[in-house]
2 protein chains.
Amino acid sequence: MITHVPIFAHPNPKKVLVIGGGDGGVLREVLKHPDVSKITLVEIDDLVIQLSKKYLPKMAVALDNERVEVKLMDGFKYLADLKDSADEEKYDVIITDSSDPDGPAEAFFEQNYFELLNNALNKTGIVISMASENMWLTIENLQKLRRICAKVFPVVKTCYVTIPTYTSGQISLMCCSKNPDLKLNEPVRKLTKEEELKNFKYYNSEIHKASFVLPTWANEIIYKD
Amino acid sequence: MITHVPIFAHPNPKKVLVIGGGDGGVLREVLKHPDVSKITLVEIDDLVIQLSKKYLPKMAVALDNERVEVKLMDGFKYLADLKDSADEEKYDVIITDSSDPDGPAEAFFEQNYFELLNNALNKTGIVISMASENMWLTIENLQKLRRICAKVFPVVKTCYVTIPTYTSGQISLMCCSKNPDLKLNEPVRKLTKEEELKNFKYYNSEIHKASFVLPTWANEIIYKD
């Protein structure tokens, strides 16, 4: 469901970049969108890919799709190399599928990383960071991340998704748009009911909007300047 | 938050009945609504009240409010006695705050109970059952309860609320309306932003609507005829 939010919030997503996500789960979902013609996955650790192919074949199958290009390298370096590229070389959507902010993945939650993302997006691009945060447990981290993103992007919004296997049953995401007029909480492209039922078990247009609606106390903290 | 849904979905809630809820927590929330002039709490177990007064004084204080009438008796008997009362003796909103459906509270999830609720409501009344169910873990129970309620009420909708202390971080509720034209997912009465911030930590008009939006797979199961 998380994966679909930035894609349905974008009017015309052609090129998608996934940083991390070597298990193939995010790829599998992005591939459900026929409008997306190319997906680049940048994974630093080949072992993640190999283990997913061995133990999670239904996810890993996406890694071999013809629309997918896998690059085994550091996401930071990949983004930095894109900095001086032409706008058409850059991405419509970038999804960060990293580990939690405490530990080795800490750098994915700092301003420098969001500046690199900004440079790797084309003029109307969107990023989504799987923040691995839960508003009930670690709201301060979401506040901090929202403030960092707001220094780089004109539109920054938090959404959440309920997942029973995550601690306390939910995870929050940070979504940013380079286009100041884009409402990330609106699904710009809508599917027919039939298409929705066929392809998506969780996502629908209504839940897209609802996932950005937070309890009053969480709004007050996350969006506090 | 749960408590506020049926009250804001009702155009003019004057009389509220709470079945169970001897700790006073639901009462405390209902008392935040100045339109509600009388709240009856029917609790079978006085020990719940006494222990709440001793250990949860911030909840229990509501039990002594002048708008509250506490009746120590079986909720089933109280509802049955109301059956032949005049419409003005009946309730605008009835909230069931019982234990889980597996065990002693099982009877609160059967058709007979919802028929008693229906008889105790006035012509435009609403009920909400704190179903103690989680759509991720016990979706079949929600489907069963929705089907039972639909035999009694013309409008039946499920909503959920995220609470970190519940298993898997959320709880689903069943809401029913005797008035066929009432949209339970619409907050009929809206507060100003200032009033919302002053009185409610979780509830706001947007989250009222969002709480009725379920993942596609859950909609398919719960609302399946």
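The sequence lines fix the lettering, A, B, ..., with proteins before strands; numbering per chain opens at 1. Basis for what follows: all heavy atoms, side chains included, without hydrogens, waters or symmetry-related copies. Everything numeric in this text was worked out from a predicted model, so none of it was measured.
- Between chain A and the options B:Ser211, B:Pro215, B:Ala218, heavy-atom pairs under 4.5 Å are most frequent for B:Pro215.
- Closest non-hydrogen pair, A:Leu214 versus B:Ile207, comes out as C-CD1, 3.5 Å.
- A:Tyr203 touches chain B through its backbone: at least one of N, CA, C or O sits under 4.5 Å from a heavy atom, while the side chain does not.
- For the set A:Glu220, A:Lys209, A:Glu196, the entry with the most heavy-atom pairs within less than 4.5 Å of chain B is A:Glu220.
- Both the backbone and the side chain of B:Tyr202 have a heavy atom closer than 4.5 Å to some heavy atom of chain A.
- Within 6.0 Å of NZ in B:Lys32 there are more than 12 heavy atoms belonging to other residues, nucleotides or ligands.
- The residue among A:Trp217, A:Tyr160, A:Trp136, A:Phe200 with the most heavy atom pairs within less than 4.5 Å of chain B is A:Trp136.
- The NZ atom of B:Lys193 sits 6.0 Å away from atom OG1 of A:Thr216, with the distance rounded to the nearest 0.5 Å.
- Contact detail for B:Gln170 and A:Thr162: the closest heavy-atom pair is NE2-CB, 3.3 Å.
- B:Asn204 approaches A:Val213 most closely through the heavy-atom pair OD1-CG1, 4.4 Å.
- Using a 4.5 Å cut-off between heavy atoms, A:Glu206 contacts chain B through both its backbone and its side chain.
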